[in-house]
Amino acid sequence: MYKAPRGTSDILPEEQGYFRYIEERAAELCRLYGYERIDTPVFEDARLFIRTIGPGTDIVEKETYSFEDRSGQAMTLRPEGTAPICRAYLEHGMHNLPQPVRLYYIASIFRYERPQKGRYRQHQQFGFEALGDADPALDAEVIDMAWRFFDRIGLSHLCLQLNSIGCKLCRPHYLEELKVHYSAYGDRLCPDCKARLLRNPLRLLDCKKPSCQGVAQSAPRSVDYLCPECGEHFESVLRYLFLLGIPFEKNHRLVRGLDYYTRTVFEIQPKGEAGAQSALGGGGRYDDLIEELGGRPTPAIGFAAGMERIVLNMKEQGVSPPAPSGSKVFVAYFGDEAKDEAVRLIATLRRTGISAFSSFGDRSLKAQLRQADALGASYCLILSEEEVKTGTAMLRDMAKGEQRRVSMGDVVGQLQKENH
Ligand code: HAM
């Protein structure tokens, strides 16, 4: 027996409502904020991700699904959504459009991670990016949009964590200080952190091992090393967030897992569960990324949320997607003539926009009614030879358990009335 690959899962019909609900809330939100949808390929040139996410990151070192295609080109299944958007921005000359260009996506993401609750090898992200503007008001817009998104979904007890990790001018000095601090604790660090100290010191702050957490606690804070421009930018972001009434917590250890970030970084997490594992979404500025890909200097900022984690939180908080609207009609029949009439009637109902179906075959009426109930039909139309002869049918209201005789000519009209 084959099974879905480890870390992946089927989204069964009963789960689909959650995902459609999230997608609808996302599309509504994007319309309000002026973001337009973009879809990029599931795989890209492998170099795009190595270059942007960073060669020393876990994602690039351990988690990409990469393969050589039949022409020998190295390809990678999308491990995140931002780099492909920047590639598309450049490829389609979007710098010629009015800036910032506001885009959103709903996309499958692939990361070879150790599967656990809320962490999968294939997941879906809703993300949005605003490209071509450095204004801190845009940071506030993106953060506000992320915050309001969860509100629209109906999730509560969340907290917004915020930090600034500076730019390529001020960060090197900070990283030096960070290395000095961590070097003093060399023996106490976990093996991963020993490697990070050499290759990616910013990520030291993110280590979840208790032995390293104490070291992170007393580590120098990036906000204390910002250059005047980055400092001013961060102050303005905070001011706009106050203005918009967005509650936030400064988190000096928030650094994110991708290397492209500059200045503002933020995450939204369930309250009291701080830690990357539980983040519902995260984002930040990436002012150098487009230039890194060969474009003109183009500041940008974005955010992405994991849809599976949202569903987990919806279930934990008892938030259900609304039941689908409109009634479903099950057509039950017995006898060959009645079956012909049923086939005709189902087609007519569907053409008029009413969801109608039957189980076909030759089950007893009782079995058919049981099936109608199990399939959640709101009405059942019962056709027998007798009724067909007299041009009538029985219309049964499944919730009330009541039925009445209706003339065939009136069936569609009656059901249309009930449908509204
Ligand atoms: P990220 O923090 O790597 O950021 O992922 C965004 C969100 O995707 C996470 O907060 C989490 O909810 C979800 N997620 C990540 N990995 C997994 C996984 N293995 N299983 C389930 N859910 C997961 C980015 O990807 C950036 N591109 C976000 C961004 C957009 N930054 C700027 N613009």
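As the structure is a computational prediction, the values presented were derived from the model and not from experiment. Every number for a ligand or one of its atoms is a count from 1 in the order of the listing. Worth knowing before you read on, the calculation uses all heavy atoms, side chains too, and leaves out hydrogens, waters and symmetry mates.
Taking OG1 from Thr298 and CD1 from Ile290, the interatomic distance works out to 4.5 Å, rounded to the nearest 0.5 Å.
If you look at Arg121 next to ligand 1, there are no close heavy atoms at all, none under 4.0 Å. Under 4.0 angstrom from ligand 1, there are no non-hydrogen atoms of Glu308. Contacts between Arg256 and ligand 1, counted as non-hydrogen atom pairs separated by less than 4.0 Å, involve the side chain only. Under 4.0 angstrom from ligand 1, the non-hydrogen atoms of Phe303 all belong to its backbone. Within the 4.0 Å heavy-atom criterion, neither part of Phe126 lies near ligand 1.
In this structure, a donor-acceptor pair under 3.5 Å is absent between the side chains of Asp259 and Thr57. Between Ser66 and Thr76, the side chains place a donor N or O and an acceptor N or O closer than 3.5 Å (distance only, hydrogens not considered). The closest side-chain donor-acceptor pair between Thr82 and Tyr260 falls under 3.5 angstrom. Judged by distance alone, the side chains of Gln161 and Glu249 do bring a donor and an acceptor atom under 3.5 Å apart.
Looking at Gly283 next to ligand 1, no N or O pair under 3.5 Å apart turns up. Between Leu280 and ligand 1, at least one N/O pair is under 3.5 Å apart. For ligand 1, the polar-atom distance check against Tyr261 finds a nitrogen or oxygen pair separated by under 3.5 Å. Some N or O of Gly306 is nearer than 3.5 Å to an N or O of ligand 1, by distance alone. Close N/O approach between Tyr120 and ligand 1 is found [any backbone or side-chain N/O within under 3.5 Å]. The shortest N or O to N or O distance between Ala304 and ligand 1 is not under 3.5 Å.
When each of Tyr104, Tyr105, Tyr89 is tested with Glu129 by the rule side-chain hydrogen bond (donor to acceptor under 3.5 Å, both in side chains), just one qualifies, namely Tyr105. Of the options Arg87, Arg78, Arg51, a salt bridge (charged side-chain N to carboxylate O under 4.0 Å, His left out) to Glu44 is made by Arg87 and by none of the others.
In this structure, Phe266 has its ring center at least 6.0 angstrom away from the ring center of Phe248. In this structure, the ring of Tyr286 has its center no less than 6.0 angstrom from the ring center of Tyr261.
The closest approach between Gly257 and ligand 1 stays at or above 4.0 Å for every heavy atom of the residue. Using a 4.0 Å heavy-atom cutoff, Gly281 is listed among the residues neighbouring ligand 1.
Distances from atom 3 (O) of ligand 1 to the heavy atoms of Gln122, Glu80, Arg111, Glu63 put Arg111 nearest.
Heavy-atom contacts of Glu129 reach the following atoms of ligand 1: 30 (C), 32 (C), 33 (N) (cutoff under 4.0 Å). Atoms of ligand 1 lying under 4.0 Å from at least one heavy atom of Gly282, given by number and element, are 10 (O), 28 (C), 29 (C). Atoms of ligand 1 lying under 4.0 Å from at least one heavy atom of Tyr260, given by number and element, are 26 (C), 27 (N), 31 (N).
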Let me have the donor-acceptor pairs involving side chains of residues 145-153, under 3.5 Å, with sequence neighbours excluded, atom names and distances please.
{"from": "Arg148", "atom 1": "NE", "to": "Asp144", "atom 2": "OD1", "distance (Å)": "3.0"}
{"from": "Arg148", "atom 1": "NH2", "to": "Leu244", "atom 2": "O", "distance (Å)": "3.1"}
{"from": "Arg152", "atom 1": "NH1", "to": "Glu28", "atom 2": "OE1", "distance (Å)": "2.7"}

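For Lys315 and Tyr18, the positive end sits near the middle of the six-membered ring, less than 6.0 Å away and at most 45° from its axis.
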